[in-house]
Amino acid sequence: MTALAIAPGVTHWPGYLDAAAQAALVAELREAARQAPFYLPRMPKTGRPFSVRMTNCGALGWVSDERGYRYQPHHPETGAPWPPIPTRLLRAWDELAGYRHPPEACLINFYAPTAKMGLHQDRDEADFDAPVLSLSLGDTAVFRIGGTSRGGKTVALKLASGDALAFGGEARLAYHGIDRILAGSSRLLPEPGRINLTLRRVTKPSA
Ligand code: MD3
Ligand code: FE
């Protein structure tokens, strides 16, 4: 397996999941989305909708609405607990994250071809010692990553279906976002677009 060192703390594994594993994972995510439907998150205060639709699996899920960003154990619309994290994602964490404790949250982002995500930091977790592990499915995305201050230099990286990307150490608080989706670049999904999964620790492990 080829691991590319993109920047300190950033590792890219192109094609980490083969075509069969990607298809199996899509089927598992379809089942998860049946239990926890994708919903349209909104920006804190303004209530402006995101262009990305989201759901989660795991003990905790990341949600955003007028009241703020937070992790919670229930779906914001159905009130049901999030479905479990598929085993093959737990295996990816064990293989790639280099962190002893299992992930508590898996955010599932769906990007229609026109969706994007502005530059931001992920800092709603209590444990920044743990890395964030991302897996991409479907159409390729142009991902952008900078340093830990807004307005610094950034670099772009294409994330294709099956790619894994880990952010740890000094990259854990790096600004990052999705510039655009290259619609039609993959035939994995039945519709154009991209799914991104992020596996995270939320709480500090107790010893
Ligand atoms: C770098 N998602 O959900 S994944 C997010 O493709 C998010 O959906 C993007 O940013 C997506 O918060 C990017 C790659 C990623 C995820 C978490 C990071 C990069 C990161 C946390 C710290 C630094
Ligand atoms: Fe992020």
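Side chains are part of it too, since the values below use all heavy atoms of this structure and drop only hydrogens, waters and symmetry mates. In each ligand, atom 1 is the first atom listed, and ligand 1 is the first ligand listed.
- Looking only at its N/O/S atoms, H120 has NE2 as the one nearest to the Fe ion (ligand 2).
- Within 4.0 Å of ligand 1, the residues that place a heavy atom are L107, N109, Y111, M117, H120, D122, V132, S134, F143, F167, A171, R172, A174, H176, I178, R194, N196, T198, R200, listed by chain and number.
- Separation of the W82 and H75 ring centroids falls under the 6.0 Å cut-off.
- Taking a 4.5 Å side-chain heavy-atom cut-off between Ile, Leu, Val, Met, Phe, Trp and Tyr, the cluster of L197 extends to M1, W13, Y16, L17, L25, V26, L29, F38, I85, L89, L90, W93, L96, Y99, I108, F110, L133, L135, L137, L188, L189, I195, L199.
- Taking both residues in full, the closest heavy atoms of P205 and D127 are given as CD-OD2, 3.3 Å, listed atom of the first, atom of the second, then distance.
- Once rounded to the nearest 0.5 Å, the distance linking CG of L173 with CG of D122 reads 8.5 Å.
- Put simply, CZ on R150 and OH on Y175 are 4.5 Å apart, with the number rounded to the nearest 0.5 Å.
- Checked by atom type, the side-chain pair R194/S136 shows a donor-acceptor distance below 3.5 Å.
- Angle NE2 (H176) to the Fe ion (ligand 2) to OD1 (D122): 90°, rounded to 10°.
- The closest side-chain donor-acceptor pair between T203 and E104 falls under 3.5 angstrom.
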